[in-house]
Amino acid sequence: MIKKKSFKYDLAPQSKLYDVMLAKWRPFLMFNQDSNLRSKVCNTDIYGLRFNKLKNKKNSTSIFDNINKKKKTGILLGNSTAFGEGASKDEMTISSLLSNISNYHVFNLCGRGFSGMQEIINYLLLSHKIKKVKKIFVISGLQDSILPFYTPQKEFDSFLTPIYGHRLFNFYMQKAVIGWKKKLLQFFLKLFFIKNINVNAINRLNLFEQIAIKKEFVNVSNKNPYKIYEEIIARNFFLLSSISKSLNIKVNYILQPVATWCMKKKSHEEKKILNEESSTPHLKKIYSHVDRKKYLFVKKIILKEIRKYNMGFLDLNEFLGQKKYDNEWLFVGNFHVNDNCNNIIAKEIYKKFIKKKK
């Protein structure tokens, strides 16, 4: 069988590694990058966090061991864009570039596929390792705009954000907790009594009571997914504001760039890559939830929370949508950017949130 040619791999060969990187399941966080990855493109520590620059591949164990004590401390939260998926090497990630051009050492606490809640949880899990934080940057906004719409409501509680791998996790949890007796009970109950019954709610003391109600109680509210999204964002920003107050510093929220959200004229390379991705069925399904209409809704809701908590804000879609970036190659996929774009973003973050105004 002849393998189909990939424009993306030809134009951005580093994408090959990102596409085969495994996720490691972790308590509370659900998943993160695998630990101790070593390559020319991407290197992670014992926590699955990406190094800004790995000097000693044999002995370096944690990003918290590789700091410049003369610099102030900053942290970067976010998903795959902020993690640096698309960058040709660790040194070309936003956190690394920011660390080079500023008087801050910026820790990369980002994770591929993270929802906003996972971004916050990852910080909480590791916050005790980071002393005297002076800057918080959050480059996010995409995953929460997809997951409540992409994941069927019956599969998640509306007060919780669904995650990537949600269905897989539920499947194996159900498989693990249901023994052969309950499997047999489930078969007969579905056959004669109840089509959708939660056998985990049944035990030998409440069997007849559970059958008597003749329905399954599920902690799912049939809300409009847009309303669910608003609740998720309100909660996430409340938590970010709580972190901000506890550290007595301002949170700077940066709406991540998405090719279908950004109005700049696409380069020849971008057109090829985006057309190729759109021909992939599962990507096409995801991209159907990330159109310009969704972007305008997302920005409206986020701006409401930004004003409420007086946070710094930068919309990278608006910024990169300027005419000066027309036909310039920035995106290596709908959700990810290249070294050139990371460099542009790092400089703008420095200019807007770090550089002292005269």
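We use all heavy atoms of the structure for the numbers below, so side chains are in, but hydrogens, waters and symmetry mates are not.
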When you compare the side chains of [X] and [Y], does any donor N or O come within less than 3.5 Å of an acceptor on the partner?
X	Y	value
Asn36	Asp45	no
Gln14	Ser88	no
Asp315	Tyr295	yes
Asp65	Thr61	yes
Asn52	Glu91	no
Asp19	Tyr9	yes
Glu328	Ser267	no
Ser80	His336	yes

- Message: Between the side chains of Glu318 and Lys299, is the shortest nitrogen-to-carboxylate-oxygen separation below 4.0 Å, so that they form an ion pair?
- Response: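 Here Lys299 pairs with Glu318 in a salt bridge, since their nearest N and O are under 4.0 Å apart.
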- Task: Indicate yes or no: does Glu270 engage Lys264 in a salt bridge with an N to O separation below 4.0 Å.
- Result: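 A salt bridge links Glu270 with Lys264.
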Measure from the side-chain N and O atoms of [X] to the backbone N and O of [Y], and report whether any donor-acceptor pair falls under 3.5 Å.
X	Y	answer
Gln118	Ser115	yes
Arg235	Glu230	no
Asp90	Asn43	yes

With under 30° as parallel and over 60° as perpendicular, where do the rings of [X] and [Y] fit, or are they tilted in between?
X	Y	answer
Trp25	Phe31	perpendicular
Tyr253	Phe313	parallel
Phe335	Tyr287	perpendicular

- Query: Other hydrophobic cluster members with Phe83, side-chain heavy atoms of Ile/Leu/Val/Met/Phe/Trp/Tyr under 4.5 Å, chained?
  - Reply: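 ILVMFWY cluster around Phe83 also holds Leu17, Tyr18, Met21, Leu37, Val41.
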- Task: Linking directly or through intermediates, with side-chain heavy atoms under 4.5 Å: list the remaining ILVMFWY members grouped with Met92, chain and number order.
- Result: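 In the cluster with Met92 are Leu97.
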- Query: How would you list all residue pairs meeting salt bridge (Lys or Arg N to Asp or Glu O under 4.0 Å) that involve residues 26-37, not counting sequence neighbours?
  - Reply: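 For residues 26-37: none.
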Could you grab the distance from atom [atom1] of [X] to atom [atom2] of [Y], nearest 0.5 Å is fine?
X	Y	atom1	atom2	answer
Trp261	Gln256	CH2	CD	6.5 Å
Asn334	Ser278	CG	OG	7.0 Å
Asn252	Lys250	CG	NZ	7.0 Å
Leu109	Lys129	CG	NZ	12.0 Å

Enclosure of [X] [atom1] (heavy-atom neighbours >12, cutoff 6.0 Å):
X	atom1	answer
Lys8	NZ	yes
Phe297	CZ	yes
Lys71	NZ	yes

- Residue pair Leu240 / Met311, side-chain heavy-atom distance below 4.5 Å: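 In contact.
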- Task: Return the minimal non-hydrogen interatomic distance between Val337 and Pro257, and the atom names on each side.
- Result: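 Scanning both residues, the minimum pair turns out to be CG1-CG, 4.0 Å.
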- For Val332 against Glu277, the heavy-atom pair lying closest together: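 Scanning both residues completely, I find the closest heavy atoms to be O-OE2, 4.3 Å.
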